[in-house]
Structure formats: C-alpha cells, structure tokens
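Just below is one structure, and these are the notes that go with it.
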Amino acid sequence: MKKIDNILFHFLFLLPMACTEPFPIQTITFENILVVESTITDEMKHQVVKLSRTIPLDSFGQEVEENADVKVEDSNGNTFGFSENAATGNYISDQEFSAVPGVAYTLKVRTQDGNTYTSAAVEVQRATPMDRVYAELISNNGEEGIQVFVDTDNTEENAQYFRYEYEETYKVQLPTVAKFDWEILNFSDFTRAYDLELTPIEWEDQRVCYPSVKSAGVIQASAANLDEKRIFRFPLRFIGKKSPIIRNRYSILVKQYLQSEQAFTFYQILEDLGNVESLLSQGQPGYVTGNVTSETNSEEKVLGFFEASSVSSQRIYFNYQDFGLELPPYFVVCEQLAFENELPEILKRKLELEHYQVYFVEEEGIMRTVYITQSECSECDTFSTNIKPDFWED
C-alpha cells in the first residue's frame with residue numbers, strides 16, 4: 001500500500017499535456033471526499049486497506065474513515081473481510097491471503113453513513129523479480145555520496161511498469177550510555193536548597209540502536225519506452241557521504257511492485273501534482289480519476305486506487321569504509337556537561353536540560369560530580385530501539 005498525500009486531493013487536478021492556461025489557485029474550494037488506498041499483493045499476509053477523508057488546506061494530519069464495512073471479493077467466489085485497527089486507523093484482513101495470477105479482485109466498502117463504493121476488478125501479473133540492488137560511490141549534482149541502484153531484467157512482455165518502496169535500517173553506536181534518570185526534589189524557595197535524586201536505569205545493550213525509516217512519496221519506473229524493456233541502473237536512493245545514517249552500518253530493503261499501466265498513470269499524476277512548479281503553472285482544474293466509484297451516487301467523487309501487485313524484494317548492507325569514505329559525523333553535536341555538589345546550573349537550566357541524561361557520576365569524599373548529555377547521545381529509546389532486528393547482519 002502506498003500512502004497518498006491528502007493535501008494533493010484538495011486541488012483535484014488532472015494535468016492535460018496540452019494545457020497552457022495558468023492555474024487560478026484562488027478559485028479552489030474544499031470538498032470532503034473519501035480517499036481509498038490499497039495494494040493487495042501476492043505475499044501471503046494480512047492485506048491492508050486505508051480509508052480517509054480529504055482535509056482543508058489549513059488543517060494538518062489526516063481524517064480517518066471509521067466504522068466502515070470493508071471486504072475484497074475474488075472471481076472464484078471467495079470473500080475476505082477486513083476489520084478496523086484502532087491503533088493505525090487502517091483496515092486489516094481478518095485472515096492472511098495472497099493475490100493469485102488469473103484471479104480478479106474487487107474491493108467493496110460501505111461507510112457508516114450507508115454509502116457504498118466499489119473498485120474495478122483488478123488482477124495480479126506474474127512476478128518479475130529484481131535482478132540486482134547495489135550501491136556505488138558517485139557525484140550527484142556536485143555532492144559525493146552513495147547511490148543505491150536497481151536492475152530488473154524484464155522477461156515478461158506485459159511487465160513494463162514498476163513502483164518501488166524501501167525501508168532503511170541503520171546501526172547507531174551511541175557516544176555515551178545513560179546510567180541514571182534525575183529529578184530535583186525538596187526544593188526550598190527560602191534556602192534555595194534541594195535534593196538531586198538519581199535513579200539507576202537498567203537495560204541491556206543500550207549502546208547500540210537500530211532505527212528504521214520507510215520511504216515516502218511515489219517512486220516509479222517504466223520500461224515501456226525502452227528498447228530493451230528492462231530497468232537498468234534505476235537511481236532509488238542517494239545518501240550523501242556525510243550522512244550520519246552510514247556512520248556505523250547501513251541496510252536497505254527494496255520492494256518492487258509490478259503495476260498495471262492504469263495504476264502507474266494514476267500515481268504518476270499524483271507525483272506530478274506534488275510538484276510545486278506543476279501546481280502553480282500549467283495545471284488546469286480537473287479530477288484525478290482512480291478506479292473506485294460510488295454505487296450510491298454516480299456523481300460523487302472518490303479518490304484513490306485499488307490495485308493487485310506482485311512483489312519482489314532484496315536487502316543489501318554496506319559500511320562507509322566499503323567506499324573509502326571518512327567517518328561521518330554523529331546525528332547531533334553531543335554536549336557533555338559536568339556539575340558539582342550544589343548544581344546551581346542544573347536548577348537554573350532545568351527546563352532546558354530535561355532531555356539530558358546522566359551518563360556518569362564521580363564521587364570523591366563529600367564531592368560528587370554529575371556528567372550529563374543529551375538523550376539523543378545516550379539513550380536509544382529517544383529515537384529508536386536497542387532491539388536488534390532478526391534480519392540484521394553485522
């Protein structure tokens with residue numbers, strides 16, 4: 001499933017290739033429209049349908065469509081029900097299933113207001129595996145860095161349109177490790193005295209973190225107009241040589257979705273609409289046509305696309321040393337502060353230092369020195385997890 005940015009739908013454009021009239025942005029009005037996002041795949045898993053509503057331009061976040069009845073029917077007479085997941089707002093299939101070549105699938109939705117919606121019947125094509133995912137050191141517009149490429153040696157005549165997603169996971173070695181939580185107690189306005197309570201933090205292997213980040217936006221490639229009908233050196237992800245995500249060890253999982261021409265065109269229009277220059281120059285108001293329609297009201301606009309896709313995936317790992325690069329900097333500049341017994345600075349800067357952790361305490365007689373640093377420099381839980389993924393290879 002690929003996320004569709006709701007903001008795009010406020011514009012409701014279609015971009016005719018020959019249109020040259022300027023876009024009259026002041027005439028746009030908001031419409032509360034159902035947004036449908038779903039890609040069922042040939043993977044045996046719990047499939048996902050996302051339902052939401054468009055929101056005004058001056059709003060943020062998303063408006064989830066709740067309490068809908070969602071199901072997928074196939075041409076063999078099978079019905080797969082979906083249940084709402086309160087944590088994510090998505091609708092998850094009650095059972096695992098996979099899209100099978102030669103079988104047509106139709107999405108049906110009934111919203112809590114009684115309106116019903118149906119998608120066009122879609123079929124999954126046979127998988128076209130990626131041939132290779134690899135990384136090279138290149139110069140990109142004058143910036144040196146690592147480019148991740150994809151090759152697909154296309155052997156299926158009808159396999160010409162591809163969409164990509166990736167999830168990058170990287171190993172982070174913390175400069176220090178938080179040992180204590182701290183809190184100021186028994187503060188006296190009269191004497192300005194207080195107690196500094198230190199609570200030991202208990203965890204294992206907290207020095208190493210494993211953040212994961214998924215790709216955003218629409219990433220597509222087409223072999224339709226290429227003589228060899230294959231994807232070669234498609235530039236998927238560029239990482240500057242000073243990026244901290246390659247400081248220790250980096251991994252990227254690439255997923256390739258085989259698309260229909262209609263799905264490719266739909267997402268291409270969305271990508272074009274996300275381009276500011278397109279929005280403010282050549283765009284003429286219109287409607288982005290998907291493949292989901294209202295059965296209740298034929299005039300009602302519905303946004304989004306339901307597709308069935310085969311998926312192939314590959315994961316690669318690399319280190320900055322593999323490309324002869326220097327050690328990249330850490331994510332932030334780690335400030336290491338030391339305070340002695342009375343700690344007036346801690347009290348004075350309490351709000352500022354709330355996101356700092358104690359990583360070392362030195363006691364000598366009645367003297368106690370407390371060393372603190374930012375949580376981002378000493379605690380995985382601030383931005384990630386210290387749990388090593390099952391797939392990770394050092």
Side-chain angles (χ1 to χ4, degrees), residues 1-15 23-40 46-72 80-94 106-120 122 163 165 167 213-219 263 266-276 278-280 283 285-307:
M1 182 180 70
K2 172 58 69 177
K3 180 179 179 182
I4 302 173
D5 189 347
N6 280 348
I7 295 177
L8 298 180
F9 298 123
H10 303 165
F11 296 96
L12 302 180
F13 298 132
L14 184 60
L15 298 180
F23 164 53
I25 191 170
Q26 68 277 9
T27 65
I28 295 176
T29 58
F30 168 71
E31 295 182 71
N32 185 270
I33 296 173
L34 179 68
V35 182
V36 180
E37 308 170 53
S38 181
T39 299
I40 62 171
H46 290 282
Q47 308 291 342
V48 180
V49 174
K50 182 177 180 180
L51 302 178
S52 59
R53 291 276 174 177
T54 54
I55 59 175
L57 285 170
D58 57 356
S59 300
F60 298 93
Q62 65 175 355
E63 180 183 341
V64 175
E65 182 69 17
E66 300 178 335
N67 303 319
D69 179 42
V70 179
K71 59 186 176 183
V72 170
F80 305 95
F82 286 67
S83 298
E84 186 176 0
N85 184 305
T88 64
N90 297 333
Y91 291 81
I92 314 297
S93 64
D94 298 329
T106 304
L107 173 67
K108 296 193 173 182
V109 175
R110 182 183 180 87
T111 54
Q112 58 183 333
D113 59 8
N115 292 333
T116 57
Y117 305 85
T118 303
S119 76
V122 297
R163 178 164 57 83
E165 294 177 354
E167 182 174 14
V213 180
K214 293 184 178 181
S215 58
V218 180
I219 307 171
F266 176 81
Y267 285 112
Q268 187 62 56
I269 292 173
L270 290 184
E271 183 69 5
D272 291 341
L273 291 177
N275 184 299
V276 174
S278 296
L279 285 175
L280 300 180
Y287 177 54
V288 184
T289 303
N291 67 348
V292 182
T293 57
S294 171
E295 291 185 331
T296 307
N297 177 7
S298 60
E299 301 298 319
E300 180 182 358
K301 294 176 180 177
V302 185
L303 300 171
F305 205 91
F306 174 66
E307 65 174 328

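Just so we're clear, the structure is a prediction, and the values are computed from it rather than from any experiment.
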Q. What is the minimum heavy-atom distance between V64 and G89, and which atoms define it?
A. CG1-O, 3.4 Å
Q: Would you name the heavy atoms of L51 and Y91 that are closest together and state the gap between them?
A: CD1-CE1, 3.8 Å
Q | Under the side chain to side chain donor-acceptor pair (under 3.5 Å) test, residues paired with N297 that sit two or more places apart | A | none
Q: For Y117 and L34, indicate whether the former's side chain and the latter's backbone hold a donor-acceptor pair under 3.5 Å.
A: no
Q. What pairs with T118 under side chain to side chain contact (heavy atoms under 4.5 Å, CB included), at least two apart in sequence or on another chain?
A. T106, K108, E295
(Q) I'd like to check the salt bridge (Lys or Arg N to Asp or Glu O under 4.0 Å) partners of E84; sequence neighbours left out, ordered by chain and number. (A) none
Q | Those residues that, when tested against N85, pass side chain to side chain contact (heavy atoms under 4.5 Å, CB included) (two or more places apart) | A | A87, T88, I92
Q. To the nearest 0.5 Å, how far apart are CG in L107 and CG in N291?
A. 9.0 Å
Q | Nearest non-hydrogen partners of G290 and F305, listed with the distance | A | CA-CD1, 4.0 Å
Q: Apply side chain to side chain donor-acceptor pair (under 3.5 Å) to S294 and list each qualifying residue two or more places apart in sequence or on a separate chain.
A: E300
Q | Side chain proximity check, T293 to V302, heavy atoms < 4.5 angstrom | A | no
Q: Output all residues satisfying side chain to side chain contact (heavy atoms under 4.5 Å, CB included) with E167, sequence neighbours left out; order by chain, then residue number.
A: S212, K214
Q: Would you confirm whether T296, through its side chain, and N115, through its main-chain N or O, come within 3.5 Å as a donor-acceptor pair?
A: no
Q | Pairing residues for N67 by the side chain to side chain donor-acceptor pair (under 3.5 Å) criterion, not counting sequence neighbours | A | Q112
Q | Note, K301 side chain near L303 side chain (heavy atom, < 4.5 Å) | A | no
Q. So do F80 and I40 actually touch side chain to side chain, heavy atoms under 4.5 Å?
A. no
Q: Kindly indicate, with the supporting measurements, whether the criterion side-chain contact (heavy atoms from CB on, under 4.5 Å) is fulfilled by R163 and T39.
A: CA-CA 11 Å; R163 178 164 57 83; T39 299; 3.2 Å; yes
(Q) Just to verify, what does D69 make a side chain to side chain contact (heavy atoms under 4.5 Å, CB included) with, not counting sequence neighbours? (A) R110
(Q) If you define the side chain from C-beta out and look only at heavy atoms, does anything of S38 sit under 4.5 Å from Q47? (A) no
(Q) Quick one: does any side-chain atom of N32 pair with a main-chain N or O of R53 as donor and acceptor, under 3.5 Å? (A) no
Q | Contact summary for F82 and S93, nearest pair of heavy atoms | A | CD2-N, 3.3 Å
Q: Mind running side chain to side chain donor-acceptor pair (under 3.5 Å) on S83 and D94 for me, showing each step along the way?
A: CA-CA 6 Å; S83 298; D94 298 329; 2.6 Å; yes
